[in-house]
Number of protein chains: 2
Amino acid sequence: MAQEKKVTIKDVARDAGVGLGTVSRAINGSANISLETKQKIFESIKKLGYVPNQTAQSMRSNKYRSIALFVNISNVAFAQIAKGIQNELDYSGYTLSLCDVGERDAAGKIDSFLAGRKFDGIILSVPREDDEQLHKVLSKVSVPIVTLDRDVPGVAGGVVIDYSHSVKRATEYLLSLGHEGIALISGSGKIRPTRISVAAFKEAYEAAGKKLDSARIIEGGFTSDIGRNVMLDLLPDIQRGSVTAVISLNNQMFHGILQVMRENGLEYPKDLSIITVEDYELTKLLNPPVTVIRRPLLDIGAGVARVLLQYIEKPDMYGKQNPLSIPTEFIIRESCSKR
Amino acid sequence: MAQEKKVTIKDVARDAGVGLGTVSRAINGSANISLETKQKIFESIKKLGYVPNQTAQSMRSNKYRSIALFVNISNVAFAQIAKGIQNELDYSGYTLSLCDVGERDAAGKIDSFLAGRKFDGIILSVPREDDEQLHKVLSKVSVPIVTLDRDVPGVAGGVVIDYSHSVKRATEYLLSLGHEGIALISGSGKIRPTRISVAAFKEAYEAAGKKLDSARIIEGGFTSDIGRNVMLDLLPDIQRGSVTAVISLNNQMFHGILQVMRENGLEYPKDLSIITVEDYELTKLLNPPVTVIRRPLLDIGAGVARVLLQYIEKPDMYGKQNPLSIPTEFIIRESCSKR
DNA sequence: ATGAAAGCGCTAACAC
DNA sequence: GTGTTAGCGCTTTCAT
């Protein structure tokens, strides 16, 4: 915690024997400046160890080199996504600010976080899309906002994850194994990935010409406790044999599901076939290894950052581009068996 | 992305019929101001929807309501720690800025991140403590820095995790089970948790009056690949029976270890007893459940944030306080057997 | 091409 | 107590 001597643009100007504005122009790569003065200035800058004060720059220019990320930080997938965003941002010198929106009152948290604070752009992933309060908060924001696999009216899509293909394949796979009673346990019903997945699930049933009991589509959530409860409810059906397979669309939930199975002496794939979304490789190390739907988390982060950066640079393009669609992968391991 | 009409302190002053400074005083809860003018001002503020411009505030006051977090974001533990930090920061209205230091050139990343940017404080967790470059970078910083379970010369400790007790207990436990050849696979050798754990490991051996083959203390790292390699090296000793138990001090590494076991038909606890650090509950769901050392990640985050906040408020206290020590928990499950 | 000067919105020092 | 004023460090006219 040493003392930092602060050298300002003034010092540079004096040292280089030029005016304030000229130094500014040099820094910002302005056109109207001769090569020699430029050189002279950069020498002084180096000599004095000058670093522009970003706060002052921001105040004057309304650029902040900073973007805000709103997510539910409890979601384990988030860390990798954040890393992907960082990687992309590093190139362009932006800072990432983090805000946990949690599960409840996301709008309130976003609002107070944003109050008076300045960012050049925002990446948004909320637990509910149909949040009036949220829309109100976001409508006050004057910088580009981009969603992370969410459909929020008035907000441009940044990245969408294509669960459709994988969920369909997973369902077909289970169907082909002879399962008829497949329970799809989604996350919250109010977000895009759930809608997409449910639709794909239905499609697969239709394509196979089988009829789907809509009670088999269960709205879950983001926690292992919810997984527990859903699974507890499902237990009778499983024991009766009317449910023989489960697809879990969230990793935390999957933990709860596994726990209930364990507690009730249910083994996979013998007593129940299971498929989940993969957030980290431990699913592969479970015994037996679990069949999963994998999302390329790093790519998702990098992608959403790139889209946002683009909108920041070209504000009039805002919302005029389709969100980046990121594919998922269906990986068959050993958690499902013939019926 | 609507238009935000910006109302400034000037507007408020005019509306309330007072001077600029008075409004400022009202906002900042200054003493010298009468209740009625204060009330009048807050009415105007509400009426006009005034929100102070933080950038301008920062520039003038050198306070930023912002703290920086430097971590290796690939570490899964980090997400929960970050949440703990956030929780604490929310109370005081600080923003968290995230910077991934990765594995290599942490100093460089920190340097460029910090360049010209302003924070009120920094939370630091680096992959190596003995980094000359790092010390140089940090010595230029003029705000409180606090470490997350690291010993960095010249930097105040924020939080230290007390692995000592748990590692000792884990070792004693293994020893009591009849294991003599216990391999301790640590993280990088250049960080505090490794030093602490190795010392505790040795102590346990000494206390039991057994002699420890120092080749059994193995420096690992932060990735599952390193875990793989270490385990591959260990394989002959395991098969020969000179190593019968493994303690892994890192979760990613543990994945690699498990993989190698799987690939070589080794089962725990039958062929090898294993203990690891727990970062998420999936270790409990492995079959059999794994005996672990658990760290309270949320508390760690909250703790380090609190310590930093304290130093920010009382800069002259900087470094004069002991780091907060956070206990760990040793949880016996079913991954170790008698020898 | 470059210097001078006017603020960005705010806080703090100084008057009264 | 409260108004006025001088900047914080920078970018951006506006002259030249």
Side-chain angles (χ1 to χ4, degrees), chain A residues 4-45 48-66 93 115-120 142-143, chain B residues 4-45 48-66 93 115-120 142-143:
Chain A
E4 199 173 338
K5 58 172 188 297
K6 61 183 160 190
V7 17
T8 76
I9 199 171
K10 232 173 175 169
D11 302 315
V12 178
R14 195 183 315 119
D15 186 273
V18 299
L20 272 190
T22 313
V23 178
S24 176
R25 265 161 258 169
I27 293 168
N28 297 300
S30 184
N32 292 331
I33 187 161
S34 78
L35 205 82
E36 26 180 354
T37 40
K38 209 183 211 165
Q39 234 144 21
K40 207 165 51 179
I41 288 170
F42 277 119
E43 259 168 46
S44 295
I45 287 180
L48 302 176
Y50 167 69
V51 178
N53 179 327
Q54 287 213 21
T55 310
Q57 285 185 317
S58 296
M59 171 139 126
R60 234 9 267 265
S61 64
N62 277 307
K63 302 213 179 72
Y64 303 88
R65 301 256 112 193
S66 176
R117 209 117 38 182
K118 306 295 190 175
F119 300 95
D120 300 302
S142 58
V143 296
Chain B
E4 199 172 339
K5 58 172 187 295
K6 63 182 160 194
V7 17
T8 76
I9 199 170
K10 234 173 175 168
D11 301 315
V12 177
R14 195 183 316 120
D15 186 272
V18 299
L20 268 189
T22 313
V23 179
S24 176
R25 263 161 258 168
I27 292 167
N28 297 299
S30 185
N32 291 331
I33 187 163
S34 78
L35 205 81
E36 27 180 353
T37 41
K38 210 183 214 164
Q39 233 143 23
K40 209 166 49 179
I41 289 171
F42 277 119
E43 257 168 48
S44 295
I45 287 180
L48 301 177
Y50 167 68
V51 177
N53 179 327
Q54 286 213 21
T55 311
Q57 286 185 317
S58 296
M59 170 138 131
R60 214 36 251 268
S61 64
N62 276 307
K63 303 214 180 69
Y64 303 88
R65 302 257 112 191
S66 177
R117 208 119 36 182
K118 305 295 191 173
F119 299 95
D120 301 303
S142 58
V143 295

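In what follows, chains carry the letters A, B, and so on, assigned in the order in which the sequence lines appear, proteins first and then strands, with residues in each chain numbered from 1.
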>> Nearest to the A/T8 side chain among D/dG1, C/dC10, D/dG9, which nucleotide is it?
In response: D/dG9

> Do you know which two heavy atoms are closest between B/S44 and B/D15, and how far apart they sit?
Replying inline: OG-OD1, 2.6 Å

> If only atom types and distance count, is the side chain of A/N28 paired as donor or acceptor with the main-chain N or O of A/S24 below 3.5 Å?
Replying inline: yes

> Reckon A/T55 touches a base, only the sugar-phosphate, or nothing at all at heavy-atom distances under 4.0 Å?
Replying inline: nothing

> Looking for any heavy atom pair under 4.0 Å, which part of the strands does A/N28 touch: base, sugar-phosphate only, or nothing?
Replying inline: sugar-phosphate

> Does the side chain of B/N53 come within less than 4.5 Å of A/K118's, by heavy atoms?
Replying inline: yes

> The side chain of B/I9 lies closest to which of these nucleotides: D/dG3, D/dT2, C/dT11?
Replying inline: C/dT11

> Which of the following nucleotides, D/dG1, C/dT11, C/dC8, is nearest to the side chain of A/M59?
Replying inline: C/dC8

>> Less than 4.5 Å apart, side chain to side chain, heavy atoms only: is that true for A/V18 and A/V23?
In response: yes

>> Of the listed nucleotides (D/dT4, C/dT11, C/dG3), which one gets closest to any side-chain atom of B/Q57?
In response: C/dT11

>> Could you check whether the side chain of A/R60 and the base of C/dG7 have a donor-acceptor pair of N or O atoms closer than 3.5 Å, going by distance alone?
In response: yes

> Which part of the nucleic acid does B/G116 contact within heavy-atom distance under 4.0 Å: base, sugar-phosphate only, or nothing?
Replying inline: nothing

> Which listed nucleotide (C/dA1, D/dT11, C/dC10) is nearest to the side chain of A/N32?
Replying inline: C/dA1

>> Of the listed nucleotides (C/dC10, C/dT11, D/dT2), which one gets closest to any side-chain atom of B/S34?
In response: D/dT2

